[in-house]
Amino acid sequence: MPVIIREHVKLAQFTTINLGGPASFFAECLSVDDVCEALAFADSHQLKIHVLGGGSNTIFLDEGFPGLVLKMGMGYVRSESDRNTVRFTAGGGVVWDDCVLDAVHQGAAGIECLSGIPGTVGASPIQNIGAYGQEVKDTIESLCAVDRLTLKPVIFSAAECEFGYRQSRFKSVDRGRYVITEVTYRLRKGGTPEIRYPELQKFLDIQLDVRRPGDTTTLLESVRNAVLQLRHSKSMVFDPTDENARSVGSFFMNPVLTPDQLKEFQSRVAALGKKLPNGFPADDGVKIPAAWLIEQAGFQKGYTKNGAAVSSRHALALVNKGCTTRDILNLAEEIERGVRETFGISLEREGILAE
Ligand SMILES: Cc1cc2nc3c(=O)[nH]c(=O)nc-3n(C[C@H](O)[C@H](O)[C@H](O)COP(=O)(O)OP(=O)(O)OC[C@H]3O[C@@H](n4cnc5c(N)ncnc54)[C@H](O)[C@@H]3O)c2cc1C
């Protein structure tokens with residue numbers, strides 16, 4: 001069956017922040033053939049393309065998207081295991097958290113701390129999703145994609161994806177070039193959870209005893225439940241009944257400061273008479289919590305302008321409380337300016353603006 005291409009489709013309904021005008025053209029792709037066909041259609045009509053998964057990290061402009069939106073719908077999961085490993089291979093349109101749940105139930109370790117992150121499997125490598133001390137790059141073995149330039153399928157090993165903190169080649173040098181149709185994750189069979197994040201460790205120590213003898217599945221389930229509870233308390237799971245639901249999660253990334261930048265930051269903090277926040281070691285410097293910078297620059301949780309708000313539970317998330325995309329972008333710019341003027345740090349955005 002040829003892929004169905006619809007016209008003037010409202011996009012807000014496909015995003016968690018629930019913003020944006022219509023797409024000129026819209027195709028839901030259920031197979032690699034659908035993707036190739038939709039891409040060929042866009043080429044022949046000289047249309048821009050935007051690939052859409054669960055829309056949990058995407059903001060469309062109020063005027064919409066003047067091109068073809070490809071919604072990923074491949075929904076299969078296969079798993080195979082040998083003595084020490086379980087391999088999950090999932091279609092690009094599979095809901096990420098379904099994959100995590102499946103892995104946890106099978107006693108396969110490696111992605112349990114990534115429980116509750118909204119979105120799809122196909123998007124998981126794009127910004128190398130991460131939370132509570134885990135990043136998906138550590139379990140991705142390979143992925144399949146369609147190259148928009150050749151309309152041919154290609155396979156990438158994890159090393160070829162050039163992963164970094166909330167980064168990959170698909171978000172940098174090759175942004176927009178590949179449509180990811182399938183990802184294979186290599187998980188540890190019967191592996192115990194690795195708790196690297198102090199907040200999670202503390203929570204587990206108080207709430208649950210993960211060191212209590214038990215089978216791996218029980219331990220992984222405990223970690224998953226703890227992560228979900230923590231995420232709920234910060235409105236960081238997608239729950240339509242939550243007043244902070246309409247967001248893209250963290251709007252900004254935590255800045256990584258070089259030793260020189262760190263010195264400059266420390267002296268600014270001292271001059272302001274503030275107490276330094278805890279930093280975390282990162283590949284090439286120290287990671288500073290962006291939420292702290294935002295609050296200390298004067299944008300408290302709940303700060304609202306024209307219906308665009310800082311989440312009442314987490315200063316990193318900007319929430320649509322009855323606003324437009326322009327209002328969210330204005331608020332983001334105001335926060336960026338405030339943090340730059342107060343601390344000399346430029347915040348980088350995590351979410352994707354589809355233009
Ligand atoms: C409440 C909430 C909490 C969140 N918490 C976290 C968190 O803890 N950690 C974290 O890392 N992220 C988090 N996010 C952000 C988001 O969930 C992730 O970035 C997720 O991977 C996005 O998936 P998606 O399918 O919704 O992607 P979309 O928003 O649809 O797309 C995101 C980007 O990926 C591209 N893309 C999507 N699918 C494909 C594909 N198949 N092939 C090629 N390109 C594609 C899009 O073009 C776009 O550039 C959170 C978001 C929300 C709303």
Side-chain angles (χ1 to χ4, degrees), residues 11 14-18 20 29 32 34-35 39 48-60 65 67-75 90-97 99-100 111 113-137 143-148 154 156 161 163 165-172 174-183 197 200 227-228 230-232 234-240 242 244-254 311 313-314 316-320 349-355:
L11 291 168
F14 297 109
T15 66
T16 50
I17 199 163
N18 199 28
C29 298
V32 173
D34 283 0
V35 170
L39 292 174
K48 291 206 287 187
I49 286 168
H50 182 82
V51 182
L52 185 64
S56 63
N57 214 19
T58 299
I59 305 183
F60 289 107
F65 184 75
L68 172 68
V69 169
L70 260 87
K71 171 102 174 92
M72 300 305 285
M74 296 93 154
V94 170
V95 171
W96 165 254
D97 197 47
C99 212
V100 179
I111 52 176
C113 296
L114 305 179
S115 294
I117 298 181
T120 54
V121 159
S124 66
I126 301 288
Q127 69 155 3
N128 173 27
I129 53 170
Y132 296 101
Q134 263 178 2
E135 287 181 302
V136 78
K137 73 176 172 62
L143 60 84
C144 304
V146 174
D147 185 347
R148 279 176 55 186
V154 272
F156 290 95
C161 295
F163 288 122
Y165 166 58
R166 297 294 178 279
Q167 198 52 273
S168 72
R169 68 187 293 168
F170 310 109
K171 199 181 167 189
S172 52
D174 284 325
R175 185 171 175 165
R177 174 165 172 185
Y178 296 100
V179 181
I180 297 172
T181 50
E182 185 179 282
V183 184
Y197 201 77
L200 179 59
V227 168
L228 290 176
L230 281 170
R231 294 186 71 95
H232 258 295
K234 300 175 190 169
S235 300
M236 279 292 170
V237 285
F238 183 67
D239 170 1
D242 186 322
N244 296 304
R246 294 196 292 178
S247 83
V248 288
S250 302
F251 197 94
F252 302 103
M253 297 198 275
N254 293 319
S311 162
R313 295 234 187 101
H314 199 319
L316 263 190
L318 303 189
V319 181
N320 164 16
R349 295 182 188 180
E350 187 182 308
I352 305 283
L353 187 64
E355 311 182 82

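In each ligand, atom 1 is the first atom listed, and ligand 1 is the first ligand listed. Sequence positions, counted from 1, serve as the residue numbers for this chain.
Taking the six-membered ring wherever Trp is involved, the centroid distance between the rings of Phe156 and Tyr178 falls below 6.0 Å.
Shown are Lys234, Arg313, Arg231; of these, the salt bridge (charged side-chain N to carboxylate O under 4.0 Å, His left out) with Asp242 is made only by Arg313.
Proximity of Ser56 to ligand 1 is established by a heavy-atom distance of less than 4.0 Å. Within the structure, the closest approach of Phe170 to ligand 1 does not fall below 4.0 Å when heavy atoms are considered.
Of the N or O atoms in Gly119, none lie within a sub-3.5 Å distance of an N or O in ligand 1. Taking distance alone, with nitrogen or oxygen atoms compared against 3.5 Å, Ile129 stays at or beyond that limit from ligand 1. Polar contact check, Phe238 against ligand 1: no nitrogen or oxygen pair lies under 3.5 Å apart. For ligand 1, none of its N or O atoms has an N or O atom of Gly92 under 3.5 Å away. Here's the thing with Ser235: none of its N/O atoms is less than 3.5 angstrom from an N/O atom of ligand 1.
Regarding atom 41 (N) of ligand 1, its nearest protein heavy-atom neighbour is Ile180 O, 2.9 Å. Protein heavy atom in closest approach to atom 28 (P) of ligand 1: Thr58 OG1, 3.3 Å. Nearest protein neighbour of atom 9 (N) of ligand 1, counting heavy atoms only, is Gly130 O, 2.8 Å. Annotation: atom 43 (C) of ligand 1 to nearest protein heavy atom, Tyr178 O, 3.3 Å. Protein heavy atom nearest atom 12 (N) of ligand 1, with residue, atom name and distance: Gln127 NE2, 3.1 Å. Residue, atom and distance of the protein heavy atom nearest to atom 30 (O) of ligand 1 are Gly53 N, 2.7 Å.
Within the 4.0 Å heavy-atom criterion, neither part of Asn128 lies near ligand 1. In Thr120, the parts holding a heavy atom less than 4.0 Å from any atom of ligand 1 are both the side chain and the backbone. No part of Trp96 comes within 4.0 Å of ligand 1, judged by heavy-atom distances. When heavy-atom distances to ligand 1 are checked against a 4.0 Å cut-off, Pro118 comes that close through both its backbone and its side chain. Residue Ile352 touches ligand 1 through its side chain alone, judged by heavy-atom distances below 4.0 Å.
Proximity annotation for atom 6 (C) of ligand 1: of Lys171, Arg231, Met236, Arg231 comes nearest, heavy atoms only. Summarising the contacts of atom 40 (C) of ligand 1 with Thr16, Leu114, Val51, the nearest heavy atom is found in Val51. Between atom 27 (O) of ligand 1 and the options Gly116, Gly122, Ala123, the minimum heavy-atom separation is to Ala123. Here the shortest heavy-atom distance to atom 35 (C) of ligand 1, taken over Leu52, Ile117, Ile126, belongs to Ile126. Distances from atom 51 (C) of ligand 1 to the heavy atoms of Thr15, Asp242, Val248 put Val248 nearest. Counting only non-hydrogen atoms, the option in Gly55, Ala245, Gly249 that gets closest to atom 52 (C) of ligand 1 is Gly249.
Rounded to the nearest 0.5 Å, atoms CG (Leu230) and CG (Leu200) are 6.0 Å apart. Expressed to the nearest 0.5 Å, how far CD1 of Ile117 lies from CG of Leu114 amounts to 4.5 Å. Rounding to the nearest 0.5 angstrom, the gap separating the NZ atom in Lys71 from the CG atom in Leu68 is 13.5 Å.
Contact atoms of ligand 1 toward Glu350: 12 (N) (distance under 4.0 Å to a heavy atom of the residue). For ligand 1, the atoms closer than 4.0 angstrom to any heavy atom of His50 are 47 (O). Close approach to Ala131 involves these atoms of ligand 1, each under 4.0 Å from a residue heavy atom: 8 (O). Those atoms of ligand 1 with a heavy atom of Met72 less than 4.0 angstrom away are 41 (N). Atoms of ligand 1 found under 4.0 Å from any heavy atom of Arg166 (numbered from 1 in listed order, with element): 11 (O). Counting the atoms of ligand 1 from 1 in the order shown, those under 4.0 Å from a heavy atom of Ser247 are 53 (C).
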